[in-house]
Amino acid sequence: MTGKFLLVGVAALFAASLPFAAWSEDDKSVSDECEKGVRELRCDINLLNLINGINLNTHQMKHIIAAAKTADNESVSPFNAADTEQLMKTLTPIVNKIEQGASLSEEEMKALRKARSAYNGGENGAKASKARKENLNKLAKGVEEILFESQKQVLEDYKPCLIPPKNLKDPVRVGQANDSSRAVNMLKKLRQIPDKIIDEKRGEIIEAAIERVEKHGGKFKEEERVQVKQKLADIIKKTRAMSDVDFELNKEDLAKELSFLHKIDYLEEKIKELGGTRDVVARKITSFFLNPRMIPLLEERIHQVETHVVDDQTDLDKISPADKCKDGQCAIDDNQVQKAKNNQKPSKK
Amino acid sequence: MRQSRRDFIANIGKLGIGAGLTLTAFDILSLFNNAYAANPMALKEVANENYDSLPGKKTKCYICPLNCILEDGQTCFCRTRKNHAGKLFSHAYNNPCVLLVDPVEKTPLNHFLPGSSALSIAVGGCNLRCLYCQNWQQSQAKPEELKTFELTSKDAVEGAKKKDCKVIAYTYTEPASFYEYIMEIAALAKEYKIKNVAATAAYINPKPMKDLCKVIDGFAVALKGFDEKYYEKVLGSKLKPVLKALEVVKESGKWLEITTLIVPTYNDDLTKIKEMCVWIKQNLGTKVPYHFARFVPEYKLKDLPRTPLQTLEKCRDIALETGLEYVYLSNVAPHEGNDTFCPKCKGKVVKRLGFKILENSLDNGACKKCGTKLPGVWN
């Protein structure tokens with residue numbers, strides 16, 4: 001049974017990796033190109049979101065480019081053209097036999113094992129692979145050493161996404177009042193629901209919240225579900241019972257109490273607290289910064305930095321200026337303001 | 001002190017208004033009541049030294065350089081003070097619209113009890129009209145037009161104690177416009193050894209600023225540009241009184257940090273930045289921490305781009321080259337511009353990610369490596 005899976009797996013590997021261009025029809029070739037193009041674009045967007053969010057300086061970017069180029073030069077194809085031809089000759093009849101559902105002979109199994117080894121580079125390939133891994137780790141370590149602590153923190157939390165995460169795209173600003181998280185806004189809305197409706201619909205609200213969580217984070221066990229329901233009911237009660245002032249002072253803490261609903265994020269936080277994610281930074285450096293696609297992106301960014309000039313100043317005489325006191329008249333006349341508002345209202349027909 | 005209805009009528013009687021009034025006593029009462037009824041606690045008479053009653057029931061306010069002259073029933077430019085029958089009352093009292101617990105670094109203050117929580121209070125209104133205001137929903141409205149909370153000075157101090165806040169911050173809107181409220185809370189907070197800080201544009205007259213310095217321990221002053229035309233056209237204000245107010249804070253010995261929001265093509269001329277840095281160095285000293293903050297499109301300047309990071313970095317370089325010792329970048333993270341460096345050994349003594357402190361190697365404000373004492377309020 002294991003052998004059968006091995007056959008299918010290896011055959012699938014080769015079907016994907018060997019140059020079947022000669023076999024492809026034009027449509028398949030175009031489709032492959034498109035798919036490759038989309039994958040590359042997605043990769044670039046992920047990398048750009050990281051570059052935009054991590055604020056590398058020129059020295060850091062140059063170091064990373066050098067490291068990524070070294071990593072790229074060391075990447076070795078698992079086999080050469082001659083090996084490829086031999087492997088195709090060996091495997092083609094075997095693939096046909098598997099398609100027929102026939103069993104393979106011992107010799108054919110041997111040939112497959114040999115092909116697998118050849119795909120991994122043979123005996124020398126295993127050594128080369130180990131050496132490459134060590135070199136990559138060394139390069140990643142070198143990059144990690146030139147990153148600041150704050151950048152490592154950002155990298156640790158970074159998840160590749162087409163849409164840049166809010167904390168990187170639009171971080172909380174000095175002196176900015178309006179920045180309620182989604183959880184806080186939800187709690188505010190909970191407070192505004194009339195008592196009658198909450199009494200009637202409390203169960204439904206809790207059930208809907210749990211279903212939503214389960215949709216993204218997996219089903220709760222039965223006993224977990226009971227606890228979660230009770231916890232939510234308690235939070236709703238506590239939130240609604242607070243005075244306005246108490247709610248304002250405690251809303252962030254209340255929102256944190258809801259964090260258990262975001263299962264994956266919550267677990268990640270817990271793991272972080274236990275200090276178990278430091279090598280995440282090294283892995284992410286390898287995945288992102290040593291990715292060869294990072295090279296042209298950083299080169300372009302360095303060019304932008306080195307050629308940046310401050311734009312010409314706006315002619316302030318041509319803008320719609322801020323309101324100010326006119327001829328020493330600073331007072332706001334409420335009656336006039338109301339009159340102006342009334343005049344602006346559309347007339348009823 | 002808030003007047004009772006009896007005192008209010010008695011004072012009107014003393015002025016001899018009596019039968020000569022076109023308004024009856026009933027009308028006066030109902031005028032008072034209208035504001036009073038909306039929120040009975042939300043009126044406080046402006047202190048005598050900060051306004052004059054003028055003939056014809058007019059008043060003249062002296063809190064800020066606008067010195068608004070009001071007819072009866074009119075409101076100051078700041079939207080918070082109103083003339084009630086010849087007496088000037090603040091409507092920004094016991095009625096904040098924002099109440100939050102924030103890191104003190106968000107003020108922004110990097111050398112003031114780092115890592116502490118601040119109870120942040122804001123009341124609606126402002127005596128500026130900045131085109132890019134990020135809190136415009138609160139600052140460009142009257143207090144009574146907003147959803148507010150009833151919060152006396154006692155409640156504020158209790159709240160700070162409950163949430164382990166070592167600091168109360170008057171921020172988000174303009175402290176000059178809720179000055180009376182701040183004076184009361186801050187005085188009470190001092191009794192409980194809670195520090196007070198204010199984030200202000202400092203468009204305020206010297207006398208009230210001096211009085212504010214008696215109760216406020218730290219100021220985060222927004223020096224928004226270095227050009228009178230910029231102040232007039234973009235902020236609806238004037239630069240000179242702000243510079244004077246900065247000097248007043250400096251003289252008082254209270255802690256001061258300065259922030260300039262860099263708005264692309266409006267105030268990012270590097271020559272002007274240099275002039276500003278030189279003024280700060282000559283008049284306030286090299287040890288005043290200076291923050292360059294990134295602009296984000298908002299309010300009436302939504303069509304501008306964010307400030308390029310390279311522009312901010314150039315501003316910071318200019319400030320450091322001028323000789324200012326502590327220059328930060330705000331609204332940009334992660335960045336070395338968030339960190340504090342020892343001016344002597346150049347070691348990184350405080351590492352930050354935005355407002356969050358990652359590592360603090362200061363020992364009561366002194367660099368652990370070389371012992372240099374950094375300026376600030378450390379305990």
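Proteins come first, then strands; the chains are lettered A, B, ... in the order of their sequence lines, and each starts at number 1. Computed from heavy atoms alone, side chains included, the values below leave out hydrogens, waters and symmetry copies.
- For the pair B:Lys163 and A:Asn250, the minimum side-chain heavy-atom distance is below 4.5 Å.
- Of all residues spanning residues 296-305 of chain A, those with a heavy atom less than 4.5 Å away from chain B's heavy atoms are A:Val305, arranged by number.
- Of the listed residues (B:Leu128, B:Thr311, B:Val101, B:Leu70), the greatest number of heavy-atom pairs within a distance under 4.5 Å of chain A belongs to B:Thr311.
- Among all heavy-atom pairs drawn from B:Lys233 and A:Leu316, the shortest one is CD-O, 3.7 Å.
- In this structure, the side chains of A:Val310 and B:Asp269 stay at 4.5 Å or more apart for every pair of heavy atoms.
- Other residues, nucleotides and ligands place no more than 12 heavy atoms under 6.0 Å from the NZ atom of B:Lys162.
- The candidate with the highest count of non-hydrogen atom pairs below 4.5 Å against chain A, out of B:Arg294, B:Glu359, B:Lys142, B:Glu313, is B:Lys142.
- B:Asp155 is not listed as a side-chain neighbour of A:Val245, based on a closest heavy-atom distance of 4.5 Å or more.
- With a 4.5 angstrom heavy-atom cutoff, A:Asp312 touches chain B only via backbone atoms.
- The shortest non-hydrogen separation linking B:Leu131 to A:Ile319 is CD1-CD1, 4.0 Å.
- Note that A:Lys324 lies outside the cation-pi zone of B:Phe77, set by a 6.0 Å cut-off to the ring centre and a 45° limit from the axis.
- For the pair B:Leu100 and A:Lys251, the minimum side-chain heavy-atom distance is below 4.5 Å.
- Most heavy-atom pairs under 4.5 Å with chain B: of the set A:Asn57, A:Asp315, A:Asp323, A:Asp333, this distinction falls to A:Asp323.
- Neither the backbone nor the side chain of A:Ser243 comes within contact range of chain B, judged by heavy atoms closer than 4.5 Å.
- No side-chain heavy atom of B:Gln74 sits under 4.5 Å from any side-chain heavy atom of A:Ile332.
- For residues 47-66 of chain A, every residue pair satisfying the salt bridge (charged side-chain N to carboxylate O under 4.0 Å, His left out) rule, not counting sequence neighbours, is listed here: A:Lys62-A:Glu306.
- No side-chain heavy atom of B:Leu353 sits under 4.5 Å from any side-chain heavy atom of A:Glu149.
- In this structure, CD on A:Glu248 lies 10.0 Å from SG on B:Cys97, to the nearest 0.5 angstrom.
- Taking B:His335, B:Lys351, B:Lys229 one by one and counting their heavy-atom pairs under 4.5 Å with chain A, the maximum is reached by B:Lys229.
- Rounded to the nearest 0.5 Å, atoms CZ (A:Phe148) and CG (B:Asn338) are 10.5 Å apart.
- B:Arg352 and A:Ser150 get closest at one heavy-atom pair: O-CB, 3.5 Å.
- A:Asp311 contributes no side-chain N or O that, together with a main-chain N or O of B:Thr265, makes up a donor-acceptor pair within less than 3.5 Å.
- One distance of note links CG of B:Leu99 with CG of A:Asp244; it measures 10.0 Å at 0.5 Å rounding.
- Using a 4.5 Å cut-off between heavy atoms, B:Pro308 contacts chain A through its side chain alone, with no backbone atom that close.
- For a residue to count as touching a neighbouring chain, one of its non-hydrogen atoms must lie under 4.5 Å from one of that chain's; by this rule B:Leu270 touches chain A with the side chain only.
- For B:Glu298, the part sitting under 4.5 Å from any heavy atom of chain A is the side chain, from C-beta outward, and nothing else.
- If you check the side chains of A:Gln313 and B:Asp268, you find a donor sitting under 3.5 Å from an acceptor.
- A:Ala322 approaches B:Arg129 most closely through the heavy-atom pair CB-O, 3.2 Å.
- With rounding to the nearest 0.5 Å, the separation of CD in A:Glu252 from CG in B:Asp102 is 8.5 Å.
- Between atom CG of residue A:Asp246 and atom CZ of residue B:Phe149 there is a gap of 11.5 Å, rounded to the nearest 0.5 Å.
- Within a 6.0 Å radius of NZ in B:Lys348, other residues, nucleotides and ligands contribute more than 12 heavy atoms.
- Only the backbone of B:Asn267 comes within contact range of chain A, with heavy atoms under 4.5 Å apart.
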